[in-house]
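Notes follow the structure.
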Amino acid sequence: MLDIQFIRDNQDLVQTKAKQKGYDVDISKLIELDGRRRSLLSEIDKVRSQRNDLAAQMKGAKPTPEQIDQGKRLKEKIVELETEFSPIEVAYNQLLRAVPNVTQEGVPIGGEEDSVEIKKVGEQKTGARDHLDVALSRDWVDFERGAKVAGNKFYYLKGDLALLENAVTQFALNFVRQKGFTYMTVPHMVNSRVLTGTGFAPRTSDQSDEYAIENEDLSLIGTAEIPLTGYHADEIIDEDKLPLLYAGLSPCYRKEAGTYGKHTRGLFRVHQFNKLEMYAFTLPEKSNEMHERLLALEEELWQAIGIPYHVINIASGDLGAPAAKKYDIEYWSPVDGKYRELTSCSNCTDYQARNLNIRVRRNDGRVEMLHSLNGTAVSLARSLVAIIENFQTADGHVVVPEVLRLFMGNQAEI
RNA sequence: GGAAGGGUGUCCGAGCGGUUUAAGGAAACGGUCUUGAAAACCGUCGUGCCGGCAACGGUACCGUGGGUUCGAAUCCCACCCCUUCCGCCA
């Protein structure tokens, strides 16, 4: 969520930015609730103050009946005011949490088609075979038995492709460790607070992309970003310890409801995939720099593997609520003759931090919200699609990218 | 799943109805001393909200949510989490 003080001071800006993101929130309504909430709270505080004074008078001596009677009246008054306060507080919190993060300067305004390409790297080949055709012909993937055992869009990876997945993982893991990230495995389920605090739709809502566990306040994670964001919840971290860099490897579970028809064939969009996610907690003034660094790392990694790509600056309407700015790397698909999403890298500024109460203690003693950022290192199922499409040979084999061979028993081709 | 114990500020830890305005210690910061450092000594030191230009004042917060009371960190109920033991188990 945003700082209410910031919203008060920048009502028009917040309203405009929310609209540009496609969020239908009424800032004037929030301001009105905020006003009523504050005036009521100050009234309550006043009566509480009287109660506390009275209680202090009664300390030591035996209270008189008059004092007890007055105390009772004050108590009733407080209950009365609190009853009035409670629904306002609930509505206020609901509305406040619905306000999306303010986008940064340089974020293109508009929908998906308005995202701006800022860089293009590598050769744009054409005429490759679809990854699923290749994988099926080599018996590398089994969606039919995935469906039998779990359901539609579940799959088994087999043999060399499964090994290739492991090789990509190992390569990426070594890469991020060399760059200073602490490797972590994470809980694959999280509670509602962490889920919604990270900026995902509540598990109870229709829009939730997460699988919820029945009769438990737990959801399967859609990305390691969620447990990594929650890792430092309610903590105050010394300035000298920042930035904190983590790399979380986890399976990602997503319902992907309503996305059918959007390139559903094969491994590109599935209900479960593994992913190595980079995560950073930084000082507020350092998050933009870190955002560029995360993008640079993603580029370095994918250049090392040898995948052609471009980088796009995501338009406002395509940003999630917590993101202030987002870069995607899209790889070149020689099958479709266009770019398709491969990684994503967001600066969430202090939005997630405020939700989950993650702060920094500056060297001068001040305490403030820190900033959080996340970026995909490798999203495994998609990585395999990109590699099969860009490294296939005429006879249906796949050349193993050089940097991965070490992790594939030095095979040059599979 | 069963039993017992426990969740207090950056950390450790006391408090178990009204001198809690949360003791004491550690860490941190400032100072004295010192050639410098350490030690010692002195001082400062929780977070949020509201009001105020500010000094400051008010209020809330001792796992979470209810309840009892004139008054709750303290008593009662429910739930969550942690530790130990037992059971089960990769």
Side-chain angles (χ1 to χ4, degrees), chain A residues 1-9 30-97 185-197 202-203 212-219 227 230-242 244 251 281 283-284 350-370:
Chain A
M1 66 178 133
L2 290 176
D3 181 6
I4 186 62
Q5 188 63 53
F6 177 84
I7 297 175
R8 274 180 216 139
D9 296 343
L30 175 62
I31 294 297
E32 186 213 318
L33 279 171
D34 173 50
R36 286 171 62 195
R37 178 181 176 276
R38 277 197 287 170
S39 71
L40 213 46
L41 202 53
S42 101
E43 250 184 274
I44 292 173
D45 279 356
K46 224 176 285 170
V47 185
R48 278 175 176 159
S49 174
Q50 290 170 23
R51 177 199 60 188
N52 291 347
D53 285 346
L54 185 67
Q57 285 170 31
M58 283 185 237
K59 214 163 14 179
K62 202 171 169 64
T64 67
E66 288 76 24
Q67 283 176 321
I68 289 176
D69 194 53
Q70 197 191 349
K72 279 185 177 167
R73 279 205 306 276
L74 287 173
K75 185 162 76 166
E76 277 161 24
K77 181 72 184 161
I78 289 169
V79 168
E80 193 181 302
L81 288 168
E82 281 175 345
T83 306
E84 192 183 344
F85 178 75
S86 167
I88 292 171
E89 173 80 349
V90 169
Y92 164 80
N93 275 317
Q94 214 168 8
L95 206 48
L96 178 60
R97 287 181 171 271
T185 63
V186 299
H188 297 171
M189 298 184 204
V190 294
N191 59 35
S192 316
R193 182 192 174 211
V194 169
L195 182 71
T196 56
R203 42 185 262 119
I213 306 299
E214 214 176 337
N215 299 324
E216 306 266 1
D217 181 30
L218 288 172
S219 297
Y231 186 67
H232 287 298
D234 297 318
E235 293 183 24
I236 299 175
I237 296 161
D238 287 335
E239 174 171 353
D240 295 339
K241 298 223 170 73
L242 297 177
L244 287 165
F281 292 102
L283 291 172
D350 61 1
Y351 194 85
Q352 294 176 325
R354 189 168 292 103
N355 284 340
L356 291 175
N357 198 26
I358 313 170
R359 293 168 292 178
V360 52
R361 186 187 305 282
R362 311 299 301 231
N363 289 333
D364 62 12
R366 267 171 34 245
V367 171
E368 62 182 314
M369 296 300 165
L370 49 66

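Every value quoted in this text rests on a predicted model; they were computed, and no experiment measured them. Per chain, numbering begins at 1; letters A, B, ... match sequence-line order.
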Handout entry: Nearest listed nucleotide, side chain of A:Ser42, among B:U59, B:G71, B:C50
Key = B:C50
Practice task
Would you classify A:Asp238 as touching base, sugar-phosphate or nothing, given that sugar-phosphate means primed atoms plus P, OP1 and OP2, and contacts are heavy atoms under 4.0 Å?
Solution key: nothing
Problem - Gap between atoms CZ and P, on A:Arg51 and B:G58 respectively (whole Å) - result: 14 Å
Exercise for the section: Grab the CD1-C1' distance between A:Ile358 and B:G48 for me, whole Å please. Expected result: 17 Å
Practice task
Could you check how far CG of A:Asn191 sits from C1' of B:C80, rounded to whole Å?
Solution key: 10 Å
Handout entry: Distance test, side-chain N/O of A:Arg359 to OP1/OP2 of B:U10, below 4.0 Å
Key = no
Exercise for the section: Mind calculating the distance between CG (A:Asn52) and P (B:G17) to the nearest angstrom? Expected result: 20 Å
Exercise for the section: With a 3.5 angstrom cut-off on both distances, give the Watson-Crick or G-U wobble partner of B:C11, or none if there isn't one. Expected result: B:G25
Practice task
Under a 3.5 Å limit for both distances, which nucleotide forms a Watson-Crick or G-U wobble pair with B:G5, could you say?
Solution key: B:C82
Fill in the blank from the handout: In Watson-Crick or G-U wobble terms, with both distances under 3.5 Å, the base opposite B:A39 is none
Handout entry: Pairwise side-chain contact, A:Asn355 with A:Thr196, heavy-atom cut-off 4.5 Å (strictly under)
Key = no
Problem - Non-hydrogen side-chain atoms of A:Arg51 and A:Lys75 separated by less than 4.5 Å - result: no
Problem - Separation between the C1' atoms of B:C76 and B:A3, rounded to whole Å - result: 22 Å
Completion exercise
Checking N1-N3 plus N6-O4 or O6-N4 for Watson-Crick, or N1-O2 and O6-N3 for wobble, each under 3.5 Å, the partner of B:C88 is none
Handout entry: Separation of B:U10 P from A:Ile237 CD1 (nearest whole Å)
Key = 13 Å
Practice task
Tell me which of A:Asn357 and A:Ile236 sits closer to the 5' end of RNA chain B, going by the nucleotide each one is nearest to.
Solution key: A:Ile236
Handout entry: Separation of the P atoms in B:A55 and B:C61, to the nearest angstrom
Key = 25 Å
Exercise for the section: State which of B:G46, B:G58, B:G71 makes the closest approach to the side chain of A:Arg361. Expected result: B:G46
Fill in the blank from the handout: Checking B:G58, B:G71, B:U47 against the side chain of A:Ser49 (C-beta onward), the nearest is B:G58
Problem - Counterpart base for B:G71, defined by Watson-Crick or G-U wobble contacts under 3.5 Å - result: none
Problem - C1' spacing across the pair B:C89 / B:A4, given as an integer number of angstrom - result: 23 Å
Practice task
Tell me whether the OP1 or OP2 atom of B:U59 has a side-chain N or O from A:Lys46 closer than 4.0 Å.
Solution key: no
Problem - Atom P, compared across B:U21 and B:G58: separation rounded to whole Å - result: 12 Å
Handout entry: B:C81 to B:A22 separation - C1' atoms, rounded to the nearest Å
Key = 23 Å
Handout entry: Pairwise C1' distance for B:C56 and B:A38, with rounding to whole Å
Key = 40 Å
Fill in the blank from the handout: Between CZ of A:Arg48 and P of B:U69 the distance, given in whole Å, is 18 Å
Completion exercise
Partner of B:C49 under the Watson-Crick or G-U wobble criteria, both distances under 3.5 Å, comes out as B:G58
Handout entry: 5' precedence on RNA chain B between A:Asp53 and A:Asp69 (nearest-nucleotide basis)
Key = A:Asp53
Handout entry: Selection from B:G58, B:G48, B:G71 that lies nearest to any side-chain heavy atom of A:Asp45
Key = B:G58
Exercise for the section: Please state the C1' separation for the pair B:C11 and B:C62 - nearest whole angstrom. Expected result: 16 Å
Problem - Nucleotide nearest A:Leu41 when distance is taken to its side chain, options B:G48, B:G71, B:C49 - result: B:C49
Completion exercise
Between CG of A:Leu356 and P of B:U47 the distance, given in whole Å, is 20 Å
Handout entry: Heavy-atom side-chain contact between A:Tyr231 and A:Leu244 under 4.5 Å
Key = no
Practice task
Take atom C1' in B:G25 and the same atom in B:G17, then report the distance between them in whole Å.
Solution key: 27 Å
Handout entry: Lys/Arg N to Asp/Glu carboxylate O, A:Lys72 vs A:Glu76, below 4.0 Å
Key = no
Fill in the blank from the handout: To the nearest angstrom, the NE2-C1' distance between A:His232 and B:U10 comes to 14 Å
Handout entry: N/O donor-acceptor pair under 3.5 Å between A:Asn191 side chain and A:Val194 backbone
Key = yes
Practice task
For A:Thr83 and A:Val79, indicate whether the former's side chain and the latter's backbone hold a donor-acceptor pair under 3.5 Å.
Solution key: yes
Exercise for the section: With heavy atoms under 4.0 Å as the rule, sort A:Arg362 into base, sugar-phosphate or nothing. Expected result: nothing
Problem - Test item: A:Arg48 side-chain N/O and A:Ile78 main-chain N/O as donor-acceptor pair under 3.5 Å - result: no
